[in-house]
Amino acid sequence: MAQKKFEKDSLWEDADLNKDGIISDKELALTEKIIRMENNDKMADQQRMMVWVSLISVILFIVVLLTPWVSIERVDVLISFGSTWVVANMGIIAAFIASNAWIKSRENQTPPT
Ligand SMILES: [Ca+2]
């Protein structure tokens with residue numbers, strides 16, 4: 001069978017980790033693992049950012065609600081919306097914490113491959 005070649009400037013050129021001009025199955029597997037780890041790291045960063053935004057928005061909402069900038073009449077109107085807002089954002093935070101705990105417990109159970 002004819003040897004396969006990658007096109008010029010292929011995205012897989014970086015897969016030749018030891019720069020010997022040959023991309024071995026082991027290097028492909030390792031590259032896939034590295035890409036997966038980088039994607040998981042970016043996803044974790046995004047999730048952390050979402051949780052921080054949720055937390056800060058809830059805190060800011062409550063702080064602004066307690067300032068004299070918001071009249072008592074407006075607080076009465078905002079309280080039903082605000083309670084839904086706070087519960088929804090606390091749900092995001094709780095889901096993040098619970099899923100992280102679940103993932104960590106699974107990582108501790110399965111032996112590394
Ligand atoms: Ca190589």
Side-chain angles (χ1 to χ4, degrees):
M1 189 162 63
Q3 188 170 6
K4 309 289 188 244
K5 290 183 178 178
F6 287 104
E7 65 183 335
K8 194 171 190 294
D9 300 327
S10 167
L11 294 174
W12 288 102
E13 276 187 11
D14 293 338
D16 187 12
L17 298 172
N18 60 5
K19 305 293 180 200
D20 65 352
I22 300 167
I23 299 174
S24 66
D25 289 345
K26 195 175 179 181
E27 285 174 323
L28 273 178
L30 196 57
T31 301
E32 182 188 347
K33 199 173 183 178
I34 291 169
I35 291 171
R36 190 163 299 175
M37 286 170 61
E38 286 173 353
N39 286 344
N40 286 342
D41 187 46
K42 287 176 188 170
M43 188 175 72
D45 288 346
Q46 287 285 327
Q47 289 172 338
R48 268 192 294 275
M49 180 66 81
M50 285 169 56
V51 167
W52 275 112
V53 168
S54 288
L55 192 61
I56 290 169
S57 68
V58 164
I59 291 169
L60 279 179
F61 179 78
I62 292 171
V63 166
V64 169
L65 216 57
L66 296 175
T67 61
W69 305 330
V70 181
S71 66
I72 294 295
E73 296 83 34
R74 291 178 83 191
V75 168
D76 284 342
V77 174
L78 289 173
I79 204 74
S80 61
F81 162 75
S83 58
T84 305
W85 173 262
V86 169
V87 169
N89 280 291
M90 290 297 118
I92 290 172
I93 295 166
F96 174 77
I97 292 170
S99 65
N100 270 348
W102 184 70
I103 289 168
K104 275 191 181 143
S105 72
R106 279 184 53 134
E107 283 175 352
N108 291 337
Q109 287 174 354
T110 54
T113 53

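Remember, it's 1-based here, ligands and their atoms both numbered in the order they're listed. The figures that follow rest on heavy atoms only: side chains count, while hydrogens, waters and symmetry mates do not. All residue numbers in this chain count up from 1 along the given sequence.
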Polar protein atoms (N, O or S) that approach the Ca ion (ligand 1) to under 3.0 Å: D16 OD1, N18 OD1, D20 OD1, I22 O, E27 OE1, E27 OE2
Is a side-chain N or O of N89 found less than 3.5 angstrom from the main chain of W85, in a donor-acceptor match? yes
Hey, quick one: are I23 and L17 part of the same hydrophobic cluster, counting side-chain heavy atoms closer than 4.5 Å, chains of contacts allowed? no
Could you tell me whether M90 atom CE has more than 12 heavy atoms of other residues or ligands within 6.0 Å of it? yes
Evaluate the side-chain proximity of E107 to I103: yes if any heavy-atom separation is below 4.5 Å, no if none is. yes
Hey, does the side chain of E13 reach the backbone of F6 with a donor-acceptor pair shorter than 3.5 angstrom? no
Does atom CG of L11 have more than 12 heavy-atom neighbours from other groups under 6.0 Å away? no
